[in-house]
Colleague: 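Structure provided below as structure tokens; questions to follow.
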Amino acid sequence: MTPSAPSQPCQGAILAAVPAQARYLFLSRESGIKPAAARKAIALLARALAGKPHVIGFSATLAKALGRQIPGLRDFVRFPDARVDLPVTQSDVWIWLRGNDAGELFHETRLLLGAVAGLLKLDELVPAFRFRSGHDLSGYEDGTENPKGAQARRWAIAPDGASFVAVQRWEHRFERFDAMSPKARNEAVGRDLASNEELPDAPDTAHVKRTAQESFDPQAFVLRRSMPWTEGARAGLMFVAFGRSFDAFEAQLERMSGAADGRIDGLFGFTRPLGGGYYWCPPLAADGRPDVSALG
């Protein structure tokens, strides 16, 4: 069943196309700062991002520290029966800076960090970019099965205009990928690299079968907004999935990791997650700022 449309405005960049350039910022409270100082930092960020084409999210850990509880917001999932490592690297705040010019994003980063200096510290900064027309560095198109238009809004945005985002940084091991035959690569993904058509005889471990969104009960649709990253000789995909809740993402990851039935997603043959976290992306207030009132 398709969920009903949200009635409140969301952070518009969630539904926008993947940009040419991006920066993912992961921030946490400085040691020893009090809730009032954390709230000040949140307000400063909301003010700085008003009217900007970016996205900001906050963790359950931060909400708890402020004495608040956001319905649906929780810690990143852990599956005791997972057959692969799914590390958690949770920060307090996640910001997705988006644009067309890497230099402009550098300056926006610098000003944001300066605004919250002494209140929040930078845990990690990951520059990212669009490859071709939205492809992973493996060459396969990313997000082929994304819901479109009004359906994207219904699946990615909660009734109150908020969204819940799962973020994972994946590192590709290209020495393994390069050693695979074209047939083995296609079977790991479940699509033909050249045509992007789904393989009719793909094995059960193919990624497209492990994550077929309509095959879950209830259906597990998410809106993927992933982007490639590189760092020296290392590279991979910053996986970003927005939903009305974390339920759909968790259903997919449980199956991918083998926790559901013991069969591991073929992608794990050449890539692995380095970390992950959950964030609540608040709706917009009337003045165009992220509405952080739920955090006090």
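In what follows, every heavy atom counts, from backbone to side chain, and hydrogens, waters and symmetry copies are set aside.
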Colleague: Applying a strict under-4.5 Å side-chain criterion to I, L, V, M, F, W and Y, I'd like to know whether Leu113 and Leu44 cluster together.
Modeller: yes
Colleague: For Ser215 and Ala212, work out which heavy atoms get closest and say how close.
Modeller: OG-O, 2.6 Å
Colleague: Quick one: does Phe58's side chain get under 4.5 Å of Pro290's, heavy atoms only?
Modeller: no
Colleague: Test of understanding: with side-chain contact (heavy atoms from CB on, under 4.5 Å), list the residues that count as partners of Asp204, not counting sequence neighbours.
Modeller: Lys209, Arg263
Colleague: May I have the list of side-chain donor-acceptor pairs in residues 172-180 shorter than 3.5 Å, sequence neighbours left out?
Modeller:
{"unit_1": "His172", "atom_1": "ND1", "unit_2": "Thr271", "atom_2": "OG1", "d": "2.8"}
{"unit_1": "His172", "atom_1": "NE2", "unit_2": "Asp136", "atom_2": "OD1", "d": "2.8"}
{"unit_1": "His172", "atom_1": "NE2", "unit_2": "Asp136", "atom_2": "OD2", "d": "3.1"}

Colleague: For the residue pair Leu86 and Ser257, establish whether any side-chain heavy-atom pair is separated by less than 4.5 Å.
Modeller: yes
Colleague: Just verifying a value: how many Å separate Asp192 CG and Glu197 CD, rounded to the nearest 0.5 Å?
Modeller: 8.0 Å
Colleague: Answer yes or no: are there more than 12 heavy-atom neighbours, outside Arg78 itself, under 6.0 Å from its atom CZ?
Modeller: no
Colleague: Under the 3.5 angstrom rule, does the side chain of Arg224 hit a backbone N or O of Ala241 as a donor-acceptor pair?
Modeller: no
Colleague: Donor-acceptor pair, Ser163 side chain versus Cys281 backbone, under 3.5 Å?
Modeller: no
Colleague: Quick one: does any side-chain atom of Tyr140 pair with a main-chain N or O of Asn186 as donor and acceptor, under 3.5 Å?
Modeller: yes
Colleague: Evaluate Trp280 against Phe246 for ring pair (Phe, Tyr, Trp, His ring centres under 6.0 Å), listing each step before the verdict.
Modeller: CA-CA 10 Å; Trp280 166 75; Phe246 296 120; over 10 Å; no
Colleague: Checking Arg98 side chain against Pro53 main chain: does a donor-acceptor pair fall under 3.5 Å?
Modeller: yes
Colleague: Ile33 and Gly118: which non-hydrogen atoms are nearest, and at how many Å?
Modeller: CG2-O, 3.9 Å
Colleague: Using modelled atom types only, decide if a donor and an acceptor are shared between the side chain of Glu250 and the backbone of Val77 within a distance under 3.5 Å.
Modeller: no
Colleague: So, taking the atom named CG in Leu120 and the one named CD1 in Ile42, what distance separates them when rounded to the nearest 0.5 Å?
Modeller: 7.5 Å
Colleague: Within the 4.5 Å heavy-atom criterion, are Lys64 and Thr61 side-chain neighbours or not?
Modeller: no
Colleague: Look at Asp291 together with Arg289 and state whether they make a salt bridge at an N to O cut-off of under 4.0 Å.
Modeller: no
Colleague: Taking Tyr278's backbone N and O only, do any of them form a donor-acceptor pair with Gln90's side chain (distance below 3.5 Å, no angle check)?
Modeller: yes
Colleague: Give the minimum heavy-atom separation between Pro9 and Pro283, together with the two atoms involved.
Modeller: O-CB, 3.3 Å
Colleague: Can you tell me if Arg83 uses its side chain to pair, donor with acceptor, with the backbone of Gly262 under 3.5 Å?
Modeller: yes
Colleague: Are Phe106 and Leu122 joined in one hydrophobic group, where the rule is that I, L, V, M, F, W and Y side chains link up if heavy atoms are under 4.5 Å apart?
Modeller: no
Colleague: When rounded to the nearest 0.5 angstrom, what is the spacing between CE in Met227 and CG in Leu137?
Modeller: 11.0 Å
Colleague: With a 3.5 Å cut-off and no angle check, do the side chains of Gln8 and Asp160 form a donor-acceptor pair?
Modeller: no
Colleague: Counting only N and O atoms by type, is there a donor-acceptor contact under 3.5 Å from the side chain of Arg225 to the main-chain atoms of Leu15?
Modeller: yes
Colleague: As a quick check of understanding, evaluate salt bridge (Lys or Arg N to Asp or Glu O under 4.0 Å) for Glu30 and Lys121, giving each step before the final call.
Modeller: CA-CA 6 Å; Glu30 289 282 9; Lys121 60 183 176 68; over 6 Å; no
Colleague: Would you please indicate if the ring centroids of Phe164 and Tyr279 are separated by under 6.0 Å?
Modeller: no
Colleague: Enter the distance from Ser59:OG to Phe26:CZ here, rounded to the nearest 0.5 Å.
Modeller: 12.0 Å
Colleague: Tell me every residue that passes side chain to side chain donor-acceptor pair (under 3.5 Å) with Arg191, counting only those two or more places apart in sequence or in another chain.
Modeller: Glu145
Colleague: If you compare all heavy atoms of Pro35 against all heavy atoms of Leu66, which two are closest, and at what distance to 0.1 Å?
Modeller: O-CD2, 3.7 Å
Colleague: With a cut-off of under 6.0 Å to the ring centre and 45° to the axis, is Arg153 in cation-pi contact with Trp155?
Modeller: no
Colleague: Answer with yes or no whether the hydrophobic clustering places Val93 together with Leu105; edges join I, L, V, M, F, W, Y residues whose side-chain heavy atoms lie under 4.5 Å apart.
Modeller: yes
Colleague: What is the distance from atom CG of Asp92 to atom CZ of Arg29, rounded to the nearest 0.5 Å?
Modeller: 4.0 Å
Colleague: In the structure I gave you, are the side-chain heavy atoms of Glu108 and His54 within less than 4.5 Å of one another anywhere?
Modeller: yes
Colleague: Mind listing the closest non-hydrogen atom pair of Ala152 and Pro147 along with its distance?
Modeller: CB-O, 3.4 Å
Colleague: Going only through I, L, V, M, F, W and Y residues with side-chain contacts under 4.5 Å, is there a path from Val88 to Phe239?
Modeller: yes
Colleague: Is the number of heavy atoms from other residues, nucleotides or ligands under 6.0 Å of Asn100 CG greater than 12?
Modeller: no
Colleague: Decide side chain to side chain donor-acceptor pair (under 3.5 Å) for His207 and Arg210; before the verdict, give the C-alpha distance in whole Å, the side-chain angles of both, and the deciding distance to 0.1 Å.
Modeller: CA-CA 5 Å; His207 180 62; Arg210 295 274 85 191; over 6 Å; no
Colleague: Is there side-chain contact between Leu25 and Val126, with at least one heavy-atom pair below 4.5 Å?
Modeller: no
Colleague: Report yes if the side chains of Leu45 and Val292 come closer than 4.5 Å at any heavy-atom pair, otherwise no.
Modeller: no
Colleague: Could you tell me whether Asp247 and Arg74 make a salt bridge, using a distance below 4.0 angstrom between a side-chain N and a carboxylate O?
Modeller: yes
Colleague: Does the side chain of Thr89 pick up a donor-acceptor pair with the side chain of Arg169 at under 3.5 Å?
Modeller: no
Colleague: Is it true that Thr205 and Asp265 share a donor-acceptor pair across their side chains at a distance under 3.5 Å?
Modeller: no
Colleague: Once side-chain hydrogen bond (donor to acceptor under 3.5 Å, both in side chains) is applied, what residue pairs with a partner in residues 33-46 remain, sequence neighbours excluded?
Modeller: none
Colleague: Applying side-chain contact (heavy atoms from CB on, under 4.5 Å) to Leu62 and Arg68, what does each step give before you reach the verdict?
Modeller: CA-CA 9 Å; Leu62 176 61; Arg68 298 293 175 132; over 6 Å; no
Colleague: Do Phe216 and Phe221 have side-chain heavy atoms sitting under 4.5 Å apart?
Modeller: no
Colleague: Sequence neighbours left out, what passes salt bridge (charged side-chain N to carboxylate O under 4.0 Å, His left out) with Lys148? Give chain and number order.
Modeller: none
Colleague: Count I, L, V, M, F, W, Y as connected when their side-chain heavy atoms are under 4.5 Å apart, and connections chain through other members. Are Ile264 and Leu237 then in the same cluster?
Modeller: no
Colleague: Any non-hydrogen side-chain atom of His135 less than 4.5 Å from a side-chain atom of Asp142?
Modeller: no
Colleague: Ignoring hydrogens and geometry, is there a side-chain-to-backbone donor-acceptor pair from Ser226 to Val240 under 3.5 Å?
Modeller: yes
Colleague: Could you give the distance from NZ (Lys183) to CG (Leu199), rounded to the nearest 0.5 Å?
Modeller: 9.0 Å
Colleague: Might you work through the side-chain contact (heavy atoms from CB on, under 4.5 Å) test for Gln219 and Gln213, ending with a clear yes or no?
Modeller: CA-CA 6 Å; Gln219 293 180 329; Gln213 299 175 109; 6.0 Å; no
Colleague: Over all heavy atoms of both residues, which pair between Val18 and Arg130 is shortest? Give the atoms and the distance, please.
Modeller: O-NH1, 3.0 Å
Colleague: For Trp229, what residues pass the ring-ring contact (aromatic ring centres under 6.0 Å, His included) criterion, not counting sequence neighbours?
Modeller: none
Colleague: For Ile56, does its backbone N or O pair with a side-chain atom of Gln11 as donor and acceptor, under 3.5 Å?
Modeller: yes
